[in-house]
Number of protein chains: 2
Amino acid sequence: MTPQPGSAGDVLTLISAGSATTRSDLARLTGLARSTISQRVDALIERGLVEETESGESTGGRPPRQLRLHTEDHAFAGVDLGATHCRVALMDISGNVLAECEDALLIGEGPEKVLAHVDQRLDHLLGQAGRPRTALRAIGIGVPGPVEFATGRPNNPPIMPGWNDYPIPEYFEGVEVLVDNDVNVMALGEHRGAFADTKHLLFVKVGTGIGCGIMAAGTLHRGAQGSAGDIGHIRVSGHEDAGCRCGNSACLEAVAGGAAIARRLTELGLPAETGADVVALVQSGNTQALRLVREAGRLIGEVLASLVNFFNPEVIVIGGALSRVHEHLLAGIRETVYRRSLPLATHHLSITPSRTGINAAALGAGILAIEHYLSPDNINRIVNA
Amino acid sequence: MTPQPGSAGDVLTLISAGSATTRSDLARLTGLARSTISQRVDALIERGLVEETESGESTGGRPPRQLRLHTEDHAFAGVDLGATHCRVALMDISGNVLAECEDALLIGEGPEKVLAHVDQRLDHLLGQAGRPRTALRAIGIGVPGPVEFATGRPNNPPIMPGWNDYPIPEYFEGVEVLVDNDVNVMALGEHRGAFADTKHLLFVKVGTGIGCGIMAAGTLHRGAQGSAGDIGHIRVSGHEDAGCRCGNSACLEAVAGGAAIARRLTELGLPAETGADVVALVQSGNTQALRLVREAGRLIGEVLASLVNFFNPEVIVIGGALSRVHEHLLAGIRETVYRRSLPLATHHLSITPSRTGINAAALGAGILAIEHYLSPDNINRIVNA
DNA sequence: CCAACTTCCGCCGAAGATCGAACAAAGGCC
DNA sequence: GGCCTTTGTTCGATCTTCGGCGGAAGTTGG
């Protein structure tokens, strides 16, 4: 229950985080005797979790033997299930992608069909990477709807017919499965990949709909029912006429989501259906589309301005399909946030486009799986077994 | 760094939280041998942190000796500094109030004068409780403005002239001092006092201004600059004409804060200046005042509806001066939140008035001090010294 | 009222974990 | 090549923890 540094799990955490690459580092960081560290490292090597690489640079004495995660024996999968697609990334224990794939897949087909597809893809990718199925330690899955994280069951998801309360982890046998909302895993992936030393971060996904993943104190904030971050249905002023699929009106998503922009473009005589169509129009230089995207940015910025006052994040990352035209979206967002939020909160705030891009969700889901496996508790269990 | 249950600090945490009251409980909860537990408990008793009380109920065998925090040798202070008042509560280590006092005090007098006043009050209360100054282990202070928690320095506080960047802890020698925003300590006090098993809670203070304390995963979320929870300057729709002291317009505080309501009542020919005046008018049955309070509730509810979608708390507690007429305020808040937030987030959400009342801040500040002192790390340091 | 049973708690030898000193290894520096 | 620095291992000493035993202090049942 208390920080008492020194278990094998802690040692591995330090190696995994890159905080320590040699036995001496570990001794210094943990305060343990060098002999004790050696013993811990030996145990980790014996379990195939750590390996020694070439000797490092000498600093005037014997050069230290470098340590790193042993990347051969284990595999992890990150699965990104969207409304109409499925991406799977196979990763090694240090987060490198070994193989990945993407196909069209309708989530509305229901859990059995979709998960069977995922399972088959997993086998395929494992074969491609030359690793046996038994190497697969954990799977992370991001789904487009709220999930009860502890059980991996979707919780009344609006766009996942047939999935309500379906126990996704039970479908896969012999592997640990973690299921979370897609925006949450994107936030996790972005945080670990690009902003690891940031404590409080918001990841805003602007696609067909609008959602937000929340990193608070370095961990995902999921809220009481796992529905935290559902900012798509926050009301924006001056759009009472815009009805939303949720039954209310003036929801952010109903005026600034990709679908909403597409609809308004269609009304202007520019046929568009999806966020991708909007992006295409903007990239073709259409000024109407550009104006609408920037206006959407302002509306999103209005909501984010409130959330900046409330949550006081260090970084806001903008991702999702529409972030492909992020310069215009960001212009609107920044303009509003910096005008409407308190100076203290905005002074050190940065608002940036996603760095992980299209694969954000799959990578984040994989990281969710890896971090679960590498958690000190789990490692101690493995080492002491 | 890892949960490795068993240090003296952990044992004390279990006793303090009431999770364990006997040595057997401790052995069961920690998984340590009974003999080891006895040794830990002995050390804690020797340091004057734990004491044995009467034997408990027998369950068929020898009755266990009950353990509890030793409340005699230590004292902690919680200080609530408002714009115009100062409350100090002296508490024992288990959070019971030994003595308290309240006086009018203008925070604008500046740190030296105000802190000298606090110091004198502390001596007075210690005398009243019959404890020497040396018994005072830690002081928690809540101030009406943003604070850099790590250093205890106010950060550009708007209503605390002369306090900017003043290192409050250094004023007190030989005692640990923790300084935080007043709303934060109120949230902490309310959480520990009434909603200890709640993970995510918002405490909304409606007084002259409007602020919010955030408990996320059982701990205070302070944000990157310690300005999290500053919801008073979130924009509400349809009140563009209402100018706010922050320079923007349509801020929640400028339309629904106690000062704003008082101003509007004055315009209606009902002279009022402060939140207390508003409360008095409502309690006297004035329908104009009642209408305005309810309307203020709706506006606050509009903002909270957004935050419920974003943060997904289990409980929202309403406190502050205006919560004395909470039935009317809450009616407006509930009405709007339940209409505008997503069903998943509101289904198990409860919105209730504060239970700790007028002393919320002083109690919360005291709890901040006590929890700091009782933190496993600190206790281990004390026991191993 | 007393014996049998249950639970609690301290004592103590055994087992295990950690430490630190000494030593070996491997490079840099002159 | 000799000396210095840093790294890593070996090994006995020390400290911690465990768990069995017995005494303490109750309840239960005849």
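For the numbers below, each heavy atom of this structure counts, side chains included, while hydrogens, waters and symmetry mates do not. First the proteins, then the strands, lettered A, B, ... as listed; each starts at 1.
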From CG of A:L32 across to P of D:dT14 the rounded distance in Å is 20 Å
- prompt: Is it true that the side chains of A:N380 and A:N384 contain a donor and an acceptor less than 3.5 Å apart?
  reply: no
Is any side-chain nitrogen or oxygen of B:S58 closer than 4.0 Å to OP1 or OP2 of D:dT27?
no
To the nearest angstrom, the CD-P distance between A:Q66 and C:dA26 comes to 16 Å
In whole angstroms, the gap separating P of C:dG28 from CD of A:E57 amounts to 9 Å
Closest to the side chain of B:Q39, out of C:dC9, D:dT17, D:dT9, is D:dT17
Whole-Å distance, B:N384 CG to D:dC15 P, equals 14 Å
note: A:R28, atom CZ; D:dT6, atom P; distance rounded to Å ~ 10 Å
Does B:R34 reach a base, just sugar-phosphate, or nothing at all? Heavy atoms under 4.0 Å.
base
| said: Any side-chain N or O of A:R62 below 4.0 angstrom from OP1/OP2 of C:dC23? | reply: no
task = Would you check if there is a donor-acceptor pair between the side chains of B:D10 and B:S7 at a distance under 3.5 Å?
result = yes
Is A:R40 close enough to C:dA17 that one of its side-chain N or O atoms is under 4.0 Å from OP1 or OP2 there? no
A:R23 atom CZ is separated from D:dT10 atom P, nearest whole Å, by 11 Å
Less than 6.0 angstrom separating the ring centers of A:H221 and B:H221, yes or no?
no
With the side chain defined as heavy atoms from C-beta on, B:P64 is closest, among C:dA26, C:dC9, D:dG8, to C:dC9
Heavy-atom nearest nucleotide on DNA chain D taken for A:G61 and for A:E52; more 5' hit belongs to A:G61
Between CZ of A:R65 and P of D:dT6 the distance, given in whole Å, is 18 Å
- Query: Distance check: side-chain N/O of A:S38 vs OP1/OP2 of D:dT9, anything under 4.0 Å?
  - Reply: yes
Indicate, with a heavy-atom threshold strictly under 4.0 Å, whether A:S35 touches base, sugar-phosphate, or nothing. base
Between B:H74 and B:F76, what is the ring plane arrangement, given parallel below 30°, perpendicular above 60°, and tilted in between? parallel
Margin query: Please determine whether a side-chain nitrogen or oxygen atom of B:S24 lies at a distance below 4.0 Å from atom OP1 or OP2 of C:dC9.
Written below: yes
Ion pair check, B:E190 and B:R355, cut-off under 4.0 Å: no
